[in-house]
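Input: a single structure, listed below in structure tokens.
Throughout, protein chains are lettered first and strands after them, A, B, ... in sequence-line order, and every chain is numbered starting at 1.
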Amino acid sequence: MADLVIRNLHANIADTDTEILKGIDLEMSRGEIHAIMGPNGSGKSTLSHVLMGHPGYEVTAGEVLFMGEDLLELEADERSRAGLFLSFQYPFAVPGVTVANFIRMAVNAHRKGGPEGEDDPIRIPEFRKQLQEAMELLEIDKSMSSRSLNEGFSGGEKKRFEILQMAMLKPSIAILDETDSGLDIDALRIVSGGINQLVGPDMGALIITHYQRILDHVKPDRIHVLMDGRIVRSGGPELAHELESSGYAGIAEEVSA
Amino acid sequence: MSAWLAERRDLAAQSNALLPVPTLSDEHWRFTSLRGIDFDAFRAVEAPAPGEIAGAILAAGDHAGRVVVRDGGAVVDELSEAAAAQGVAFGSLRRLAEERPELVEPLLGTIVGYDEKFAAENGALWTDGVLLHVPAGVKVAEPFHVAYEIATEGAAQQWRALIVVEEGAEATLVEEHLSGLPGYANGVAEVQVGVAGHLTYVVVQDRCDAALHFAAHRAEIAKDGLLDWAACSTGARTGKTRMETRLTGEGATGRLSGVYVVDDKRHLDLDTTQEHDAPNAVSDLAFKGVLLDEARSVWRGVIRVAEGAQGTDSYQENRNLLLSSKARADSIPGLEIDTNDVRCTHGATAGPVDPMLRFYLMSRGVPAAEAERVIVEGFLEEALERIPDERIRVALTEHVMRRIPS
Ligand SMILES: Nc1ncnc2c1ncn2[C@@H]1O[C@H](COP(=O)(O)OP(=O)(O)O)[C@@H](O)[C@H]1O
Ligand SMILES: [Mg+2]
């Protein structure tokens, strides 16, 4: 079985009848790169949030298996510790908590493995070394680590720090929601380089984007087109080029035809 | 008692006799009710028990001087030889009002007058407290420490402080109101920062959860002077603290930081002023509070800019985290501006922990309860990080976080 199996996933906005995800099927595993492409408002972020356990949505049908476990039974923190990661489209500022302290807290939460687990904090010098290496990989200035996470950061900086967290937490499957938006060409190259280095036998990436831009740097194995809460087409890398020439409108016509 | 002091007490007593106990219809008492409090039930305790203090948060380390006022009198009264050699006067106010009247008489009762009920009562009845007088040009690196403690149940503690940092002088004073036993504390602190003087003033109110705490602190800052004032409140059943800053000289700066954690059914009322009486002065107030259970906080802050105080730069903000649906925080900012060419801004908020922010932390593997604690600590950190002394900052952070259940 694949590491991540999504079957007929339906989700509403919590406490409403508004359905955003209308039956999603998708399977992927470590070592693979999948891309979800779709126009604005098609439900891409909703899918990423629902997978991560966002409290604002409610799953009404379907199932999600992650590393063989029922993902939907888990709280967001348990999903993270099970090896799922989400790079947010709009990361949150965390006032009064420095980048270094935030990431160390997350690393230690993973090492502890849950409220019942045993404290096993990473030694500070070891942590510093790992953080420094990851920051160098992403070409982040050292001085940034003592700033409050995401506070006053530019859009592009926030995205880099999402990938920094991914590099430190080493998830099995990482969902990257519009990680390319807000990045200039150089930053896109650096961040893509980081992603490419991290994807491998131990990590797969689900790249969400509405541009084809990032896919020039990070080569997907599969592409899925999401429209109005459904995956309307899946295919190989060539699908990205087809999308580029005919646009989502073209795909839509084809699907309804 | 010296004649001048007896006269001053008499003046205060006359005012006290005329002033009624404030009610909810008084502007400054709109949210804090004194009904049901029997002030006469508390009695002055003149002969305090000796012995070391318990429960101090910032007493560790070296100090330039130390005073402990227990119930009605000082039981510790120390000044380091080094500071004494620099010409600093520090110690029991009762003692120094007799020994060094030239330092006390000109100022006592001139910064906080007797026109308000609690200040008038204090002016008539104060028994002891502290004098800090740092002469012109003298810089003292180690902090001075004063602790106020109620050690006899039901005691009334009328404490008083006079703090003077003269021209170009520098000092740090830490003032702690210790947990102790239930009682009634009413105090006045008069603070004067001279031309280009620099005072760091840290006030911690951690009175016993059944105690009543009333205090009026008022500071005047002369030309180019700097007052770095941090207040931390975690105690008392009912507490009302006035924290007033008057910028009297051009280019004066007041940095006013506040942190409070209120739990149970406790009530905390903070009343602040930033009074700009001179041009190009800066005042920057940031108060952050966490409310638990059925606790209640009130912050009322006025920025007053006098005619002629052009170039004023004044800021005030009060932000509150409500960790219970029954907790409540009221913020009442106010601007009274009588001049043009000023920059005055304010902001106030109260609300629960942002569930989206909590989700963000949880998405990194952090369990919900820990995520909430980290958000609270980060929230308070934004005010605590303004405290310049790292040792004090760390101790206060640990202290306030002990009040947050995990
Ligand atoms: N919490 C919400 N409240 C209201 N509408 C929402 C909410 N979440 C998503 N939506 C709506 O669902 C649709 C899909 O949103 P989203 O998943 O963010 O799309 P995408 O990421 O593909 O641009 C949009 O029409 C959006 O307005
Ligand atoms: Mg989106």
Does [atom1] belonging to [X] count more than 12 external heavy atoms closer than 6.0 Å?
X: B:K265; atom1: NZ; value: no
X: A:E133; atom1: CD; value: yes
X: A:E126; atom1: CD; value: yes
X: A:D120; atom1: CG; value: yes
X: B:R391; atom1: CZ; value: yes
X: A:D15; atom1: CG; value: no

Between B:E377 and chain A, which part of the residue has a heavy atom less than 4.5 Å away: side chain, backbone, both or neither?
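Contact with chain A: none, neither part.
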For a quick test of reading the model, state the closest non-hydrogen atom pair linking [X] to [Y] and the distance between them.
X: A:Q165; Y: B:Y360; answer: NE2-OH, 3.3 Å
X: A:H110; Y: B:G365; answer: NE2-CA, 3.9 Å
X: A:G96; Y: B:E382; answer: N-CG, 4.1 Å
X: A:V94; Y: B:L357; answer: CG2-CD1, 4.0 Å

Could you check which of [options] has the highest count of heavy-atom pairs closer than 4.5 Å to chain B?
options: A:V107, A:L86, A:L84; value: A:L86
options: A:P95, A:G113, A:S148, A:A106; value: A:P95
options: A:E162, A:E75, A:E78, A:K112; value: A:E162
options: A:H54, A:M105, A:R79; value: A:H54

Below 4.5 Å from any heavy atom of chain B, which atoms of A:A82 appear? Answer side chain, backbone, both or neither.
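Answer is neither: A:A82 stays 4.5 Å or more from chain B.
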If I measure from the heavy atoms of chain B, does A:L149 come under 4.5 Å with its side chain, its backbone, both, or neither?
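Only the side chain of A:L149 comes within 4.5 Å of chain B.
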Where do A:F92 and B:L361 land on the side-chain contact (heavy atoms from CB on, under 4.5 Å) test, with the steps shown first?
CA-CA 9 Å; A:F92 286 81; B:L361 268 69; over 6 Å; no
Spacing of B:M356 atom CE and A:Y90 atom OH [to the nearest 0.5 Å]
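Answer rounded to 0.5 Å: 15.5 Å.
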Atom CZ in A:R81, atom CZ in B:R364: separation rounded to 0.5 Å?
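Reported to 0.5 Å precision, the distance equals 14.0 Å.
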For the interface with chain A, which of B:P355, B:P367, B:A383 has the highest count of heavy-atom pairs at distances below 4.5 Å?
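Option with the top pair count is B:P367.
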